[in-house]
Trainee: 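Dropping a structure here in structure tokens format, bear with me for questions.
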Amino acid sequence: MMIALDRASLRYGPILGLSPTSFELSDGGGITGLLGPNGAGKSSLLQLLSGLLPPSGGEVKVFGQAPFRNPSVLARLGLVPEGDRLPAGLRADRWLRMMGELSGLSGQGLKAAEARVLEVVGMADRGHLPFGRMSKGMRQRIRLAQSLLHEPELLILDEPFNGLDPEARLTLMALLRDLAGRGTRILVSSHILGEIAQLTDRILLLFRGRLLAEGSVSEIRQLLDRHPVELRLSGEAQALARWAVEQPELAALRIEEGAVVISVRSPRDILPRLQRAVVAGELPLRAMDPLDLNLDAVFQYLTKDHA
Amino acid sequence: MSAAPSPLATIRATARGYAPRVLQGRGWVLAGLVVVPVGLSLLIFTLVRIRGGEASPAEAVKVFHEVLVKMMLPIMALVAAPAGIREDLEQRPLPLLLVRPAPAWALPLGKGLPWFAWGALWLGVGVLGLQVLGGDPALLPGRMVALVGAWWGELALMTLVGLLFKRGTLWGALYFFLWEPLVRVLPPSLQRLTFTHYIESLAGSRAAEVRTNQLLAQEQVTTHPALAILILLAFGALCWALAGWKLQRTPIGLAGSEAEG
């Protein structure tokens, strides 16, 4: 197993960052998404796996060994942490050279690795710039470049899409897919299901420091679809209510002034039907507002469901 | 997969990678701490001579002991040490270094070496400037070795204190500026726990210039110069090693804070 957690937990003093968690990831390439709202414990888990922190309880093994300050594990993994962490005032190429040397590269191998990663992240002609003169997107690319220098077998990315423009997001996704296709195991965290769903074949669902579920994207989607979503439909309330009660996904309904608030399961099934009815002129709908589509609400529901 | 770099390769890579930092603001403050007092002394000395007055060569001894040794050297250590590991800890690039297969214990020394070299360079310039002021040429090597040796020890000590305590600069300032005056009223052997004692052992006597309130202790204790430099170098090495040990052992997460492991 490339990764094996056995009731591994992490405490920050009195605060529990990660409840005892167990899961395994097999060897070989592929992308695994770590999904959860902010504060779910994603970063805690990634810090355990990347050897930054030792577990407070249980056992973490990466490549069969405990990763904390373990050179033989660290030589095989790369980490792209969240946030801007590049030292001010240094040039990207020189800093990458240092990171390469700290990864055990030297001589021509180091030069080739530096040129390769700058090329891969599309910074070949801008590597000489100091970090202070780089945009957020450029710095994110350099953060990714430093993690690829030593061609890690396991690449860990913490919220890598935060702050990226759509084009940079697509470029990064393509790059990650390419790396995974060439045998790199990638673990990527996000609080946005859509991002993860575009990337990955497997999802780990974390909430409040607990591993809530693991499975394929469709399995997780089904799990999420069980959560009733509230929608406010504005228009002729009586007519909208008449339409709504005929829908099998309806879980609850209440009428407000000039609107009806419906609670539906599997919104992905009911929404196309709603759209067709409106287009056909069968439904006097003026506006539709989702009330609780945020991931946090979904996770709260799942937690209750699992309790 | 690459092999883990040796401690020496780690120190070399870190020192070379972070060397450009000394040419930024903090580095020039460090240079200024030496150049400004020596330069001002030279200016005053020159003005006095132009006006036909006679400036005493003893001024060089005074600037060396009272300004460089007692004030500027500790301030340099307090300014430079946080630029090492402490700054990376607070500004958060440190995890990127810690997830490398390089030995973490070698990082404090690697990051500190450029600052040591830069500070030593300017201390050398300062001592040479004092020669122009009228310093005794026979004392030049001793002064040079004393300042550079003490700089090595003080920088290492402040790096260690910065890793041990969140308010390392405060504790460092208390040691430098409160402990030595206190030693005057404590048993004389305690002066061996001050940098000033070893600097004075190396830099030569200032007997003619010293006043009672400048004495380090009620009774002077002497240390052979060779032993003094050895102690300074060994103390510095010990502090770098302890700083490395502290970093190696301490779990440091992405937030830069220490976690209970």
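Keep in mind it's a predicted model, so treat the numbers as computed, not measured. The sequence lines fix the lettering, A, B, ..., with proteins before strands; numbering per chain opens at 1.
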Trainee: Given a strict heavy-atom distance threshold of 4.5 Å, which part of B:S6 is in contact with chain A: side chain, backbone, both, or neither?
Mentor: neither
Trainee: Of all heavy-atom pairs between B:Q24 and A:A88, which one has the smallest distance, and what is that distance?
Mentor: OE1-O, 4.1 Å
Trainee: So what's closer than 4.5 Å to chain A heavy atoms on B:A104: side chain, backbone, both or neither?
Mentor: side chain
Trainee: For A:M1, is the CE atom crowded, meaning more than 12 foreign heavy atoms sit under 6.0 Å from it?
Mentor: yes
Trainee: Taking the side chain as every heavy atom from C-beta outward, state whether B:L254 and A:L53 have any atom pair closer than 4.5 Å.
Mentor: no
Trainee: Please look at A:S44 and chain B and tell me whether the side chain, the backbone, both or neither of the residue comes under 4.5 angstrom of a heavy atom of that chain.
Mentor: neither
Trainee: Any side-chain heavy atom of B:I252 sitting closer than 4.5 Å to one from A:L52?
Mentor: no
Trainee: In terms of heavy-atom contacts, does CH2 of B:W171 have more than 12 from other residues, nucleotides or ligands at under 6.0 Å?
Mentor: no
Trainee: Side chains of B:L97 and A:M99: does their closest heavy-atom pair fall under 4.5 Å?
Mentor: yes
Trainee: Could you measure the distance from the CD atom of B:Q248 to the CZ atom of A:F68? Nearest 0.5 Å is fine.
Mentor: 7.5 Å
Trainee: For A:Q47, which atoms come within 4.5 Å of any heavy atom of chain B: side chain, backbone, both, or neither?
Mentor: side chain
Trainee: To the nearest 0.5 angstrom, please state how far the CZ atom of B:R12 sits from the CG atom of A:L102.
Mentor: 11.0 Å
Trainee: As an exercise: rank B:L107, B:T10, B:L96 by heavy-atom pairs under 4.5 Å with chain A and give me the winner.
Mentor: B:L96
Trainee: If you count heavy-atom pairs under 4.5 Å with chain B, which of A:E101, A:E82, A:R94 comes out on top?
Mentor: A:E101
Trainee: Of all heavy-atom pairs between B:P251 and A:R69, which one has the smallest distance, and what is that distance?
Mentor: CA-NH2, 4.4 Å
Trainee: Tell me, side chain or backbone of A:D158 under 4.5 Å from chain B's heavy atoms, or both, or neither?
Mentor: side chain
Trainee: Please state whether the side chain, the backbone, both or neither of B:L247 comes within less than 4.5 Å of a heavy atom of chain A.
Mentor: backbone
Trainee: Quick check for you: to the nearest 0.5 Å, what is the distance between A:Q146 atom CD and B:R100 atom CZ?
Mentor: 4.5 Å
Trainee: Report the distance from atom CZ of B:R16 to atom CZ of A:R97, rounding to the nearest 0.5 Å.
Mentor: 8.5 Å
Trainee: Taking all non-hydrogen atoms of both residues, which atom of B:A4 and which atom of A:P71 are closest, and how far apart?
Mentor: CB-CB, 3.8 Å
Trainee: A:L90 and B:P20: which non-hydrogen atoms are nearest, and at how many Å?
Mentor: CD2-CB, 4.0 Å
